[in-house]
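Working notes, beginning with the structure itself.
Note that this is a predicted model, so its numbers are computed, not measured.
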Amino acid sequence: MMISFISGLLASSALSASPVPKEDLMQPPADATRYIIVSETNEHGGEWMWTTENGEVAFRKSQSLRGWITETDAKVSLCDDGVPCDIEIRGVTPNGDAAEILSTHAEGVSWDSGADRGEASIGDGYYLTRGGPQGIFGLFAEYMLQHPETKLLPTGNATLREGPAVHIEDEDGDVHARLFFIDGLQSIPTPVWLDQDGKHLATIDYMGLMREGYQEHFAKLKEVQEAAAAAETEAIAKRFLTAEARAPIIIDNVKMFDADRGIFVDGRAVAVEDGKIVAIAEAGSIEAKDGVRVIDGAGMTLTPGLWDAHKHYSNGYDLLANVATGMTSLRSPGNGTTELVTFAKAQREEKIVAPEIFGTPIIDQKHPLSAQGADLVSSEAEAIAAVRKAAENGLWGVKFYTSMNPDWIAPAAAEAKRLGLNVLGHVPATMRPSEAVKAGYDEVTHLNFIMMEAMPQSVVDISNTAARFEGPAQYAKDVDLDGPVMTSFIDLLKERGTWVDPTIMIFEGSFTYTDAQLAPAYQPYSGTMPAVFERSLNQGGYPLFGNVTREDMQKSYQKMLDLIAKLHENDIPIVAGTDGYGLELVREIEIYEIAGMSKEAALQTATINPARLVGIDNRTGSIAVGKEADMILVDGDVSQDLGALRRVVTVISDGYVMDGDALREAAGFSGMPK
């Protein structure tokens, strides 16, 4: 029987102490291999890898991402078979202490990731760290090249498969870059690049970790990687977007959500033909012609397809997963222009299973704290040119960011309005949201920026740093929502018809949790997600800072809920967005109900409201005759439980009828959420 090692490990490890400060972390030697952290427009830090005198593989990471600081190091000892025997990770991330430990002893292996603890016998699998420098994942990819089927610790299985290769000619040395995908880690295949010698070259997602000297090839490798993923998702689309899937149907005997009126109606029958809703009537009253499929909706609810109004997507697999959760439309406030154009075109041409995409690029000032992947500008003229670029590419709007020069907002917004574009965004540092609205914002994203109206000037002045999070965490609890400052601001929002995209679910966990846990947004999906992905979602609250306590943050979160209620009471239009994976969407609208909205009003924020915001409510966003057939059939009574929206039985997108179970399987999920 294995002897428990965890208690001893905790007693002696860094996990029982404060995070190791930056000055006490290892310093890389001059001959360390360096990797650069890059995005399309910026460099954000780096990682170093070297071998210690004791034969350990050492790592050091230093990253600054829009004011969020990561300073970590790690030591990994490899067994003879290449599997990690011992790992120690130290330092600080935006989520707090990075400490994580794996130890091999006579009885087996034990670990503590800060979110989970466990033990296993030696040889039971490859321990995949929950955090730490990304280069550790490079070691795992190198191991998988020799072991393409690998059992994982704490749980799960990974499979490696090879994609295309790219020959890179570079003054630092020519490289044969080989793309691999690892299945089983996330709900989407995880890409990684190795060189001709099987060594880690790059890992690319929305940003990239690139071996120094090759960072200028980030865009090229990203393009190849996305094309490879697109080819796979196009093959998946051919299984779902068929003529048979678009055949006429009748959904009978179902409870229907009338989003236009904001009411649930019992006993409805809805007929779909040629991608449109052609009839809505009493249950049993629509005659089924020969060959028309009838779906019995007893015990289920039919709602308009859901929208995520704040969704940054990565590739076609990501978008497929969104459809599997009931999403038929999304608003992306910040993907790159190329991604927005490419994926929107692929969706229109039915090459991918994806929600309909309405996109806005980010426009930010060239600045050390500028947004990754943004169109960076250094003058008013360049800001206006970036707006014109968005219009020329057929995008829906523009999103300004926190390091923008406030003086450029009004002229750039005026040009956007002239070109028919919506204006939204974060509020630039030194600027209050009321000033942004007066300068031309049609929408303010994230509720913390609404709360910024009442923050001390010391917070407003540096709101392009972590202060945009920490200010509301510290001071929101004391804001008088009925006082002159917030009353005047809410009156302005109402007068201008300004929209708000709260993304409140972000703050639920960050402000209220103490220990690492699976957030309410993800709990219903537990057991259906890939094990590694689910483990990564176990997060604690935002690290305490200064004299701020967890109770302070919890009170500030409650005040943010009160603010949502206040906005709703004053008829400020709200759209539901997650700024996450999309799995969080139902939780977002559940929180609106907790804040005081009716279930009907909360559901409107993810159906008809975003359709109105985007300007296409004449063709989608509600179930009405003549509109596009964008609907979901879910198991349960949504009028009694908004959580039933997660239990997607059928997705109908532009008339294509797709089975929920089949969609979830294709997207990497193993079953229906609870």
Side-chain angles (χ1 to χ4, degrees), residues 39-43 66-67 206 219 309-310 312 331-345 357-446 449-450 452 460-465 468 492-493 495-501 613-616:
S39 65
E40 292 180 356
T41 52
N42 308 65
E43 292 187 5
R66 294 171 290 134
Y206 70 100
H310 200 125
H312 306 288
R331 198 269 305 267
S332 173
N335 274 86
T337 297
T338 299
E339 290 172 324
L340 292 171
V341 172
T342 299
F343 285 97
K345 182 174 183 289
I357 299 166
F358 298 88
T360 67
I362 294 175
I363 301 174
D364 204 2
Q365 183 180 195
K366 291 179 181 177
H367 188 278
L369 299 175
S370 59
Q372 72 273 17
D375 288 337
L376 299 182
V377 299
S378 56
S379 67
E380 177 184 313
E382 289 183 8
I384 291 172
V387 168
R388 291 172 180 162
K389 174 185 171 185
E392 290 165 1
N393 281 281
L395 301 180
W396 172 77
V398 291
K399 178 182 181 180
F400 297 121
Y401 219 70
T402 46
S403 290
M404 271 290 282
N405 185 327
D407 293 339
W408 304 341
I409 297 295
E415 180 67 4
K417 301 291 181 65
R418 186 185 74 81
L419 295 170
L421 301 178
N422 274 54
V423 177
L424 61 143
H426 295 199
V427 178
T430 74
M431 200 177 200
R432 293 189 184 268
S434 59
E435 296 173 306
V437 171
K438 291 174 183 177
Y441 272 37
D442 298 302
E443 173 191 353
V444 179
T445 59
H446 305 299
F449 283 109
I450 297 294
M452 198 67 67
V460 174
D461 284 344
I462 56 171
S463 61
N464 58 340
T465 70
R468 65 180 176 273
L492 174 66
L493 294 174
E495 174 193 336
R496 297 292 181 97
T498 308
W499 293 74
V500 176
D501 164 24
L613 170 60
V614 170
I616 60 167

Side-chain heavy-atom pair H426, K399 within 4.5 angstrom cut-off: yes

Criterion side chain to side chain contact (heavy atoms under 4.5 Å, CB included) against W396, the qualifying member of I357, I616, L613: L613

Distance in Å, W408 CH2 paired with I363 CD1, rounded so as to fall on 0.5 Å steps: 11.5 Å

Shortest non-hydrogen separation from A390 to L421 and the atoms involved: CB-CD1, 4.2 Å

Result of checking V341, D375, N393, V387 against P361 for side chain to side chain contact (heavy atoms under 4.5 Å, CB included): D375

Over all atoms of both residues, closest heavy-atom pair of L340 and N335: CD1-O, 3.3 Å

Whether over 12 other heavy atoms sit under 6.0 Å from K345 NZ: no

Side-chain heavy-atom pair E380, D407 within 4.5 angstrom cut-off: no

Residue pair P428 / M404: nearest heavy atoms and the distance that separates them: CB-O, 3.3 Å

Criterion side chain to side chain contact (heavy atoms under 4.5 Å, CB included) against I450, the qualifying member of V500, V427, D501, T498: V500

N422 side chain near T360 side chain, heavy-atom distance below 4.5 Å: no

Member of D364, N464, T402, N42 meeting the side-chain hydrogen bond (donor to acceptor under 3.5 Å, both in side chains) criterion with S370: N42

Aromatic plane relationship, H310 with H312 - under 30° parallel, 30 to 60° tilted, over 60° perpendicular: perpendicular

4.5 Å side-chain heavy-atom contact, M452 and M431: no

Heavy-atom closest contact (S39 atom, G373 atom, distance): OG-N, 3.4 Å

Value rounded to 0.5 Å, distance of NZ in K366 from CD in E382: 5.5 Å

Steps toward side chain to side chain contact (heavy atoms under 4.5 Å, CB included) verdict (L493, V437): CA-CA 8 Å; L493 294 174; V437 171; 3.9 Å; yes

Interatomic distance, K417 atom NZ to L419 atom CG [nearest 0.5 angstrom]: 12.0 Å

L424 CG to D442 CG distance, which is reported to the nearest 0.5 Å: 8.0 Å

Considering all heavy atoms, the nearest E435-T430 contact: OE1-O, 4.1 Å

Shortest non-hydrogen separation from S403 to Q365 and the atoms involved: O-NE2, 2.7 Å

